[in-house]
Each structure stands twice: as C-alpha cells, then as structure tokens.
Asks: 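This is the structure I have questions about; it appears just below.
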Amino acid sequence: MHNPALLRPRPSAIARAMKHALNITRQQNFAAWYQEVISEADLAEESGVRGCMVIRPWGYGIWERIQKLMDAEIKKAGVENCYFPLFIPLSFFEKEADHVDGFAKEMAVVTHHRLVKGPKGGLVPDPESKLEEPLVVRPTSETVIGAAMSRWVQSWRDLPLLVNQWANVVRWEMRTRMFLRTSEFLWQEGHTAHADREDAMAETMRALEMYRAFAEGPLAMPVVAGEKPENERFPGAVATYSIEAMMQDGKALQAGTSHYLGTGFAEAAGIKYQDKEGGIQHAHTTSWGVSTRLIGGVIMTHGDDDGLRCPPQIAPHQIVIVPMLRDDEGDAAVIDYGRALAKELGALSAFGEPVRVLFDTKAVKAQTKRWNWVKKGAPIIVEIGPRDVSEGKAAVIRRDRLYQDNGKLATAFTPRDEFVAQAAGLLEEIQTALHAEAKARLDGAIARDVTDLAKHFKGSEDKVVGWAEVQWARPTGEALEKIVARLKELKLTMRNTPIDATPADGVCFFTGEKAVERILIGRTY
RNA sequence: CGGGGAGUGGCGCAGCCUGGUAGCGCAUCUGCUUUGGGAGCAGAGGGUCGCAGGUUCGAAUCCUGUCUCCCCGACCA
C-alpha cells in the first residue's frame, strides 16, 4: 500500500491537463510507474493475502481475450482441454528428483481438513483431522498428468497424447510483483506424450512457435525465441525453450516456456507403451505454458505515461464511445446518435472478429470518462456531443497517438460515416503500430559488439541498456557455474540462445574456446 | 528468510515523541452555476485508527505478538 514514490502531491487538474494522466512517468521510476498503471487502469489490486491479487474486470477481460485466442491456437494443433485436481499428493513429487528439488522451496501444503475452536478463541486446524499424506497445492501439473497418462497410454496407437488445461497454480515466491510473479497465478499448461524424441521435440518447438507468434501477433509484443541455458532449465527438463520480451526499462521478461522432458517424467510416472515391434518403451513428454504474466509484459511493453495502451486484439473494448451529456433536453439526441454509431461499429469486423464497442453511458462526467479510458488503454476513444450530432461528426482519439506535437490531444473530428468506414482498418493499424514501435525498441537495444559486460551494463539501473548478444561455447558443469556466478555479480543472467541467430563464427566470450552459438545476456524480472 | 520503511473514512496523508475516545486533501452525496484537456461554489454523509494481547482511571498514541504492503538483499521454470 504505502509507496514512497507515490507520495508526491497530486498535480492540480489544470497542471495535469497539460501533462499526463499518471502522476509518475516511466523515466522517474519505472517500478512505481508500473504499479500506478495497474492501479489507475483498474487492472488489479492487492487482496490482503500475501502475494495474491484481485484481477479486476478490465484486467480479467484482457486475460479472457488472451485465453480465447490462445485456446483456439492450442485446439488448432490438435490438443484437447481437460482439468486435473488442484491438490497433488506429496508423494507424486518425490518420484522425480530434479523436479521436487526445483519446487520444494515454494510449495503450499495442505495438512488438515477441519477447523475447531482454538484455546484462545478463533479457529485452528483440528489435530484430529491431520491428513495421512499432505496434499500440495499444484505449482505445475506434470506429476498428476503424468499419472493419468500412465493409465491412458498403453499402445503406440495412443500416441501422441496431447492435453492442455487452463488453471491456477500456486508458487510460494519470496518476493512478488503484480502479474509478474504472484503466489497464485492463472495459466495454461500443455502436456503431451510422444513415441519418440523426434516427435516430442517437434511438439516442443511447435508450442514455442505458437507462443512466439502469439506474442508478436495479438499481444504486439516482440520476443526472441530460443533455448534456455542448462542452469535455467525447468526442473526435470532435458531442454527448456522460452520467448523473452524486452520491457521498456531494458529488462527481460520470460513470457512463455516450452520444455522437452525426455523420458524422465515418463519413467517416474510409468508412462509406457508397446511399440509396433511388441517392445515396451517409455514415452517422451513435453510441457509448455503461458500465464497472466503476459499481462505484465503487455503493460511494460506498451504502457506510456498516460497508462496502458492495450493492443486492439486483446482489448476487452476496442472502441469506447463517450457521450458528452449536459443533463438537458439535448441529451436524448446525443444518446440516440451514440447508440446508432455503436450499433454500426459493432457490425464491423476486425482481425476476423466482430468489433467490440462500448457505448459508455455511465453517469460520470465525459472528461473523467475520457481519461479513465485513456488510462485503461482503450485503443480508440470516440467522443460525441451536441456539436457532433448537428455536424454529423465524431471526435476520434487514437490511444497509441494521444498527442499532437504541440502537446494537445490529437482529437480528430471526423465525419461519422468516414470514421465508420475507417474504424476496422484503424484498429488493425494501431495493432501494427504498437508492434512496430516495440520491435524497433527491441532491435535497437541488443548490442552485438560488447567486449566488457561490466562496462556495457554500468548504470543500467537508471538508463535503458537492453541486452547483449555474445558468442559462446555452451560450456557445462563447473565452467558454466563460473560464468553464472560472474554474471550474477553484475546482476545479469543468460536469457536464451536465439534460434534464428546467425551461426557462431568466433570464440566463446567467456572461455575463449570455439563458439557454437550466440546467447543473450541481460537483466531480468 | 535477513535489513529498512509503512498500515488512521473509498484513495493519499497529518496526529503518535510529550496517552485524555480523531483531523486534512481528493473522492462520494445534494443543490445551483458550468461543460469538447480531468469544472466552481455551498451544504451533507462516512472512520474508533491492520489484527490480537498487555500497561493505564483512560490507548491511534506506550509495550509484546501477529498479518499485509513497499524498498534492498537472498530466492525465483
């Protein structure tokens, strides 16, 4: 709640009118700005439960858009949805050593099933109700789904087995940040089982590409897809791939992961099948997921000093019409005009879907509503007043280009029919423009000529430095640990080895050996 | 989990040191005047001070415990 960065006096309405809708700029304090966007755009708020947030309708509406579009992609790949229990027997985790090591430190555990009045009043767990085997609140579902797969898979004919679930998971993180790292978060987790490595790897890469395309498309968020170095792998995975997005402060955000799990989980859970020759084989499994963290990524990719700029494809309302009402007899005409406009716009189609229009008739002053929608990031805000009714116009504001060069709002008074004719195209243009802007920032902030990491990243707390791409020999074991430790001193981490990077042609940045690939280095969330 | 800061009407804060049953701004409600860059004036409603104990005639204020939030660190597929 208390945040020193928010203590500055709120500027007067007049002063604000000439500046921005938020009280903190990205420049002043990026972390405080991020929190202010979440609060001012009504995306989410504190819940009173450690690390858990209440996702408000505008924030959840964005998540629903993400779900809808992603779910269609998942189904397109032949993956079926299902649902597994929230509670996982502790013993399930003990079957895969690396997996349990990775998650043991952050698991919520259910040990009792009943409350009784405590000696000092209040309710306490009833000692009599202690569970024989504690239940873990799922941090991820490889183990339970693996158990089911062992029942479902008997023959090579049962493979590949492709399932997904939309669910919540809990990871007891030490330090939480809204959307980026919450104790409980919403996600989708895909789990697949295959006959061999080749097929499982193909699925792993398919999911990775699905995420890459989704980030670059609906989210307008450019990312780099690549493989995580060994030390950053998912516990129990043979290979982990990620998409990494760059936030406006230059830090990396891991925005989605896809794992090739080899046969480790299949061995632990007993996922075996009889092959065409009659032999018994372990299946090769994969898992992949994206979460509500994507929303944090969207905020830090597209937000500006006036709040969120929501990409049209995931905006719950793409066009918001705000009537300028005066509580007089002229209001009826404005309402009629707005309603008709909303209906016409709603009949349009953009991105292959009906355009989502809100005619905002809430009894709030028009100017206030305008700034509220600016902060929420509605892609197009249309104001209509008596003047527009008589002139047959609409006052159109593009959220991605709010201001003119002179600092005034870039409101375009457009003939109504002309606007209707342009609206769908305008939404698509805004989507493209947001992506282009972020893409240019990403491309411009990857340095490929770095010779001294400390020097390159010096002062990156205050200014945007971005990432460095260096060549390396992909060392393992102790050699890798030394590199990780060295980077850690500089608060740096290895992000991934981009799959579309130009082949290595030099020596390893760290060891001087012949390099085999390129890897990205940067600060991270 | 370690160090630091903070919890007082919906939001942001003052009061606490030097105990005597709460105050300000914004927001809200009503009225009037306004209205295309977050309106003005007038009036009104709303809190027992995170929670639980303790000290005291008396606690927002002092003491203990606890929960939650923020910053730094450790941690983090």
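Only this structure's heavy atoms are used, side chains among them; waters, hydrogens and symmetry mates stay out. Proteins come first, then strands; the chains are lettered A, B, ... in the order of their sequence lines, and each starts at number 1.
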Asks: What does R233(A) touch in the nucleic acid at a heavy-atom separation under 4.0 angstrom: a base, only the sugar-phosphate, or nothing?
Replies: sugar-phosphate
Asks: Could you state the atom-to-atom distance from CD of E40(A) to C1' of G12(B) in whole Å?
Replies: 11 Å
Asks: Are W63(A) and W58(A) an aromatic pair, judged by ring center distance below 6.0 Å?
Replies: no
Asks: Within 45° of the six-membered ring axis of F87(A) and under 6.0 Å from that ring's centre, is NZ or CZ of R138(A) located there?
Replies: no
Asks: Write down the distance between CH2 (W371(A)) and C1' (G38(B)), rounded to a whole number of angstrom.
Replies: 8 Å
Asks: Categorize E173(A) for me: base, sugar-phosphate, or nothing, with a 4.0 angstrom heavy-atom threshold over every strand shown.
Replies: sugar-phosphate
Asks: For R370(A), answer base if it contacts any base atom (sugar-phosphate contacts may also be present), sugar-phosphate if it contacts only those atoms, and nothing otherwise; contact means non-hydrogen atoms under 4.0 Å.
Replies: sugar-phosphate
Asks: Considering only side-chain heavy atoms of K488(A), which listed nucleotide, A74(B), G36(B), G38(B), is closest?
Replies: A74(B)
Asks: Could you give the distance separating A39(B) and C51(B) at their P atoms, to the nearest angstrom?
Replies: 36 Å
Asks: CD of E106(A) versus P of A74(B): gap in Å, rounded?
Replies: 17 Å
Asks: Suppose you measure atom P in G5(B) against the same atom in C76(B); what distance do you get, rounded to whole Å?
Replies: 28 Å
Asks: I need the CD-P distance between E45(A) and U68(B), as an integer number of Å.
Replies: 17 Å
Asks: So how far is it from E209(A) CD to E73(A) CD, rounded to the nearest 0.5 Å?
Replies: 10.0 Å
Asks: Please give, in whole Å, the distance from A74(B) P to K491(A) NZ?
Replies: 7 Å
Asks: Under 4.0 Å between a side-chain N/O of Q367(A) and OP1 or OP2 of U34(B), yes or no?
Replies: no
Asks: Could you check which nucleotide pairs with U35(B) in any of the strands shown, counting Watson-Crick or G-U wobble with both distances under 3.5 Å?
Replies: none
Asks: Within the structure shown, what part of the strands sits under 4.0 Å from Y34(A) by heavy-atom distance: base, sugar-phosphate, or nothing?
Replies: nothing
Asks: With a 3.5 Å distance limit and no angle check, can you tell me whether T414(A) reaches the backbone of F419(A) through a side-chain donor-acceptor pair?
Replies: no
Asks: In whole Å, measure the gap between the P atoms of C70(B) and U8(B) for me.
Replies: 15 Å
Asks: Would you kindly compare Y525(A) and R50(A) by the position of their nearest RNA chain B nucleotide and give the one closer to the 5′ end?
Replies: R50(A)
Asks: If you look at every strand shown and take non-hydrogen atoms under 4.0 Å, does K393(A) touch a base, only sugar-phosphate, or nothing?
Replies: nothing
Asks: Under the 6.0 Å and 45° cation-pi test, does K251(A) pair with Y525(A)?
Replies: yes
Asks: Would K95(A) count as a cation-pi partner of F92(A), with NZ or CZ less than 6.0 Å from the six-membered ring centre and within 45° of the ring normal?
Replies: yes
Asks: Looking for any heavy atom pair under 4.0 Å, which part of the strands does R326(A) touch: base, sugar-phosphate only, or nothing?
Replies: base
Asks: When you measure from the side chain of D388(A), which nucleotide among G36(B), G38(B), C75(B) comes out closest?
Replies: G36(B)
Asks: Ignoring backbone atoms, establish whether K365(A) has a side-chain N or O less than 4.0 Å from OP1 or OP2 of A27(B).
Replies: no
Asks: With a 3.5 angstrom cut-off on both distances, give the Watson-Crick or G-U wobble partner of G20(B), or none if there isn't one.
Replies: C57(B)
Asks: Pick the C1' atom in A22(B) and in U48(B), then give their distance to the nearest Å.
Replies: 8 Å
Asks: Base, sugar-phosphate, or nothing for K408(A), non-hydrogen atoms under 4.0 angstrom?
Replies: base
Asks: What residue among V169(A), T292(A), I66(A) forms side chain to side chain contact (heavy atoms under 4.5 Å, CB included) with L186(A)?
Replies: T292(A)
Asks: Could you check how far CG of D42(A) sits from C1' of G10(B), rounded to whole Å?
Replies: 13 Å
Asks: Confirm from the modelled atom types if R181(A) and C76(B) form a donor-acceptor pair under 3.5 Å, side chain to base only.
Replies: yes
Asks: According to the Watson-Crick and G-U wobble definitions, with both distances under 3.5 Å, which nucleotide is paired to A74(B)?
Replies: none
Asks: For C52(A) and P235(A), take the nucleotide of RNA chain B holding the closest heavy atom to each; which residue's nucleotide lies nearer the 5' end?
Replies: C52(A)
Asks: Sort out the partner of U30(B) for me: Watson-Crick or G-U wobble, both distances under 3.5 Å, none otherwise.
Replies: A42(B)
Asks: In whole angstrom, what separates L325(A)'s CG from U34(B)'s C1'?
Replies: 15 Å
Asks: Could you tell me whether P323(A) contacts a base, only the sugar-phosphate backbone, or nothing, with contacts defined as non-hydrogen atoms closer than 4.0 Å?
Replies: nothing
Asks: Within the pair K105(A) and C1(B), is there a side-chain N or O less than 4.0 Å away from OP1 or OP2?
Replies: no
Asks: Tell me yes or no: between the side chains of D305(A) and T25(A), is some donor less than 3.5 Å from an acceptor?
Replies: no
Asks: Could you measure between the two P atoms, the one in C16(B) and the one in U21(B), and give it in whole Å?
Replies: 14 Å
Asks: Taking the P atom of each, how far is A27(B) from C49(B), in whole Å?
Replies: 27 Å
Asks: Closest approach to the side chain of F413(A), judged atom by atom: which nucleotide of G36(B), G38(B), G73(B) is it?
Replies: G36(B)
Asks: Using a 4.5 Å cut-off on heavy atoms from C-beta on, say whether the side chain of Y241(A) contacts that of K228(A).
Replies: no
Asks: Answer with base, sugar-phosphate or nothing: what part of the nucleic acid does Q254(A) contact at a heavy-atom distance below 4.0 Å?
Replies: base
Asks: When rounded to the nearest Å, what value does the distance between C1' atoms of C41(B) and U35(B) take?
Replies: 16 Å
Asks: Using atom C1' of each nucleotide, how far apart are G38(B) and C26(B) to the nearest Å?
Replies: 13 Å
Asks: Base, sugar-phosphate, or nothing for G51(A), non-hydrogen atoms under 4.0 angstrom?
Replies: sugar-phosphate
Asks: What nucleic acid atoms does G102(A) come within less than 4.0 Å of, heavy atoms only: base, sugar-phosphate, or nothing?
Replies: nothing
Asks: Under a 3.5 Å cut-off for both contacts, is U66(B) paired Watson-Crick or G-U wobble with anything, and if yes, with which nucleotide?
Replies: G50(B)
Asks: Whole-Å distance between G36(B) C1' and M324(A) CE?
Replies: 4 Å
